There are 2 protein chains.
Amino acid sequence: MNIGAAAKASGVSAKMIRYYEETGLIPPAARTDAGYRVYSEQDVHMLRFIRRARDLGFSVEGINELLGLWRDRSRQSADVKRLALAHVADLRRKIAELEEMAATLETLASACHGNARPDCPILSELEAPGEDAKRPAHASSARGLSRFGAA
Amino acid sequence: MNIGAAAKASGVSAKMIRYYEETGLIPPAARTDAGYRVYSEQDVHMLRFIRRARDLGFSVEGINELLGLWRDRSRQSADVKRLALAHVADLRRKIAELEEMAATLETLASACHGNARPDCPILSELEAPGEDAKRPAHASSARGLSRFGAA
DNA sequence: GATGGGGCTTACAATCATGGGAAGGTCAAG
DNA sequence: CTTGACCTTCCCATGATTGTAAGCCCCATC
């Protein structure tokens, strides 16, 4: 099977299959005399595994660990579970951050008239966090907000 | 005020301030004879605005729109509100995707014994989605999963 | 006035996962 | 043998951010 067929069968793009090979996530594929990569059903199986893990939000690094356990016949299910639950915790942390953003914005938006006039508590809050929109506002204290890569 | 001081005062790194300038998010700063960028309190104000919007998860593109409205004295609060709520919708969509991942993984993990034996429904599911862990499993039908950049 | 340390400048690379495209070789059908 | 679909490698771009490196500037201290 060529890379295109493997891609279609696994749901992983040919581009990404080459990338995974290059970065060592998967072993180098066998080649034809012409240099074409050749994939077996087993390989497609592995690619589907990867695809599914990606769908569950695992990073390539995390998938690497999962693949290691997958291939390890003497693995302990406790290790798999630990990996999975650590990822769940990551997801929940990210969710909480996004949720906090959404809630903050929603609160601000609900206080915004949303009409033709320019005054808007959303902009006021962005200007001077925590201050009341009514007062002039000339904040300056240094803050230390959480920060995170904006998902 | 030099870029370092502006960075400290606004919470935006000097690196990012230059980047924002380069990409046109903020206008080019004034310069000293030696070429040092100079910032006013007004500039710091704007940088803080940007920082705060980033904290709320707005992309640079979204911040650009917010800044436009912020500077526009004749803006309509309805436009600001629309922008904010659209972003909230984005956040909620992302949250729902992450939540689904977390829930799926949690369900799988709860079915995993987490002991010293190798059998684990998490790996089974990654191998052959939807199939029961007990049966051999030799899936092959092409599926069309949702896919998204893994947040 | 020289020197040193810290801040500033630009430019370039790396990150992470992915897509896009060019230039060129290969394969199978007609 | 030609055509078109496929494959190869290599490079570029994304988005936001950080890191590094070479070189200049400013100020304080000796």
Side-chain angles (χ1 to χ4, degrees), chain A residues 1-26 28-39 43 47 50-67 87 90 94 97 101 145-151, chain B residues 1-26 28-39 43 47 50-67 87 90 94 97 101 145-151:
Chain A
M1 186 177 346
N2 283 343
I3 197 171
K8 199 174 293 182
S10 66
V12 179
S13 74
K15 224 51 176 160
M16 289 314 296
I17 295 176
R18 293 193 197 98
Y19 171 74
Y20 291 151
E21 176 179 324
E22 187 194 323
T23 58
L25 180 66
I26 60 179
R31 303 281 188 138
T32 65
D33 289 349
Y36 282 24
R37 287 178 183 79
V38 179
Y39 296 89
D43 293 328
L47 288 171
I50 292 170
R51 170 64 148 80
R52 183 79 181 137
R54 288 290 299 119
D55 286 340
L56 286 174
F58 281 93
S59 67
V60 168
E61 175 54 31
I63 295 176
N64 210 349
E65 300 180 63
L66 280 176
L67 275 176
H87 182 49
D90 271 1
K94 216 165 267 183
E97 284 167 344
M101 292 177 186
L145 283 167
S146 67
R147 243 348 228 333
F148 95 111
Chain B
M1 189 179 344
N2 283 343
I3 198 171
K8 199 173 293 184
S10 66
V12 179
S13 75
K15 224 52 176 157
M16 289 313 297
I17 295 176
R18 293 193 197 98
Y19 171 74
Y20 291 150
E21 176 180 323
E22 186 194 323
T23 59
L25 181 65
I26 59 179
R31 302 279 189 140
T32 65
D33 289 348
Y36 281 25
R37 288 178 181 79
V38 179
Y39 297 89
D43 294 328
L47 288 171
I50 291 170
R51 169 66 147 83
R52 182 76 182 141
R54 288 289 298 118
D55 285 341
L56 286 174
F58 280 93
S59 66
V60 167
E61 175 55 31
I63 294 175
N64 209 350
E65 299 180 61
L66 279 176
L67 275 176
H87 183 49
D90 271 1
K94 216 164 268 184
E97 283 166 344
M101 292 177 186
L145 282 166
S146 67
R147 249 334 237 336
F148 94 111

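Note that the coordinates shown come from a computational prediction; the quantities given were computed from them, not determined experimentally. We name chains A, B, ... by the order of the sequence lines, and we start the count at 1 in each one.
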**Student:** Write down the atom of Leu47(B), the atom of Ser10(B), and the distance for their closest heavy-atom approach.
**Tutor:**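 Here Leu47(B) and Ser10(B) meet closest at CB-CB, 3.5 Å.
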
**Student:** Applying side chain to side chain contact (heavy atoms under 4.5 Å, CB included), name anything that partners Glu61(B), two or more places apart in sequence or on another chain.
**Tutor:**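 Residues passing side chain to side chain contact (heavy atoms under 4.5 Å, CB included) with Glu61(B): Ser59(B), Glu65(B).
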
**Student:** What pairs with Arg37(B) under salt bridge (charged side-chain N to carboxylate O under 4.0 Å, His left out), at least two apart in sequence or on another chain?
**Tutor:**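 For Arg37(B) the salt bridge (charged side-chain N to carboxylate O under 4.0 Å, His left out) partners, ignoring immediate neighbours, are Glu21(B).
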
**Student:** Counting side-chain heavy atoms from C-beta on, which of dG21(C), dA16(D), dT9(D) comes nearest to Lys15(A)?
**Tutor:** dG21(C)

**Student:** With sequence neighbours excluded, tell me which residues meet salt bridge (charged side-chain N to carboxylate O under 4.0 Å, His left out) with Asp90(A).
**Tutor:** Arg93(A)

**Student:** Among dT10(C), dA17(C), dA11(C), find the nucleotide with the atom closest to the side chain of Ser59(A).
**Tutor:**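 The listed nucleotide nearest to Ser59(A)'s side chain is dA17(C).
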
**Student:** Nearest to the side chain of Arg54(A), heavy atoms from C-beta on, is which of dT18(C), dT17(D), dT8(D)?
**Tutor:**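 That would be dT18(C).
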
**Student:** List the atom of Arg31(B), the atom of Gly35(B), and the distance in Å for their closest heavy-atom pair.
**Tutor:**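 So the minimum-distance heavy-atom pair works out to NH1-O, 2.8 Å.
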
**Student:** Which nucleotide in the set dC7(D), dT18(C), dT10(C) lies at the smallest distance from any side-chain heavy atom of Arg31(B)?
**Tutor:**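 Between dC7(D), dT18(C), dT10(C), the one nearest the side chain of Arg31(B) would be dT10(C).
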
**Student:** Do any side-chain nitrogens or oxygens of Arg37(B) fall under 4.0 Å of OP1 or OP2 in dC8(C)?
**Tutor:** no

**Student:** With the criterion being N/O to N/O and under 3.5 Å, what pairs connect the protein with nucleotides 26-30 of chain C, and how long is each?
**Tutor:**
unit_1, atom_1, unit_2, atom_2, d
dT26(C), O4', Tyr36(A), OH, 3.3
dT26(C), O2, Tyr36(A), OH, 3.4

**Student:** Tell me every residue that passes side chain to side chain contact (heavy atoms under 4.5 Å, CB included) with Thr32(A), counting only those two or more places apart in sequence or in another chain.
**Tutor:** Ala34(A), Tyr36(A), Val38(A)

**Student:** Between Leu25(B) (CG) and dG15(D) (C1'), how many Å, whole number?
**Tutor:**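 Between C1' of dG15(D) and CG of Leu25(B): 13 Å.
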
**Student:** Could you check how far OH of Tyr19(A) sits from P of dC10(D), rounded to whole Å?
**Tutor:** 17 Å

**Student:** Could you check how far CD of Glu22(A) sits from P of dA17(C), rounded to whole Å?
**Tutor:** 13 Å

**Student:** Let me know the distance between CD1 of Ile17(A) and P of dC7(D), rounded to the nearest Å.
**Tutor:**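 Atom CD1 in Ile17(A) sits about 9 Å away from atom P in dC7(D).
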
**Student:** Can you list the residues that meet the side-chain hydrogen bond (donor to acceptor under 3.5 Å, both in side chains) rule with Asn64(A), with sequence neighbours excluded?
**Tutor:**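 So Asn64(A) forms no side-chain hydrogen bond (donor to acceptor under 3.5 Å, both in side chains) with any residue.
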
**Student:** Which whole-number value in Å describes the distance from Glu21(A) CD to dC7(D) P?
**Tutor:**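 It works out to 14 Å between those atoms.
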
**Student:** Send over the distance from Ile50(A) CD1 to dA17(C) P, rounded to a whole Å.
**Tutor:** 12 Å

**Student:** Closest approach to the side chain of Ile3(B), judged atom by atom: which nucleotide of dT18(D), dC10(D), dT9(C) is it?
**Tutor:** dT9(C)

**Student:** Which angle, to the nearest 10 degrees, lies between the helix axes at the two ends of the helix from dG1(C)-dC30(D) to dG30(C)-dC1(D), each defined by five pairs?
**Tutor:** 30°

**Student:** Rounded to whole angstrom units, what separation is found between the CD1 atom of Ile63(B) and the C1' atom of dA16(D)?
**Tutor:** 10 Å

**Student:** Could you pull out all residues at least two apart from Tyr20(B) that satisfy side chain to side chain contact (heavy atoms under 4.5 Å, CB included)?
**Tutor:**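 Expected list: Val12(B), Met16(B), Leu25(B), Ile26(B), Ile50(B), Arg54(B), Val60(B).
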
**Student:** Any chance you could measure Arg52(A), atom CZ, to Ile63(A), atom CD1, to the nearest 0.5 Å?
**Tutor:** 12.0 Å

**Student:** Can you check the Arg51(B) CZ to dA16(D) P distance for me, whole Å?
**Tutor:**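 Whole-Å distance recorded here is 15 Å.
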
**Student:** Applying side chain to side chain contact (heavy atoms under 4.5 Å, CB included), name anything that partners Ala14(A), two or more places apart in sequence or on another chain.
**Tutor:**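 For Ala14(A) the side chain to side chain contact (heavy atoms under 4.5 Å, CB included) partners, ignoring immediate neighbours, are Ile3(A), Ala7(A), Arg18(A).
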
**Student:** Quick check on dT17(D): is either OP1 or OP2 less than 4.0 Å from any side-chain nitrogen or oxygen of Tyr20(B)?
**Tutor:** yes

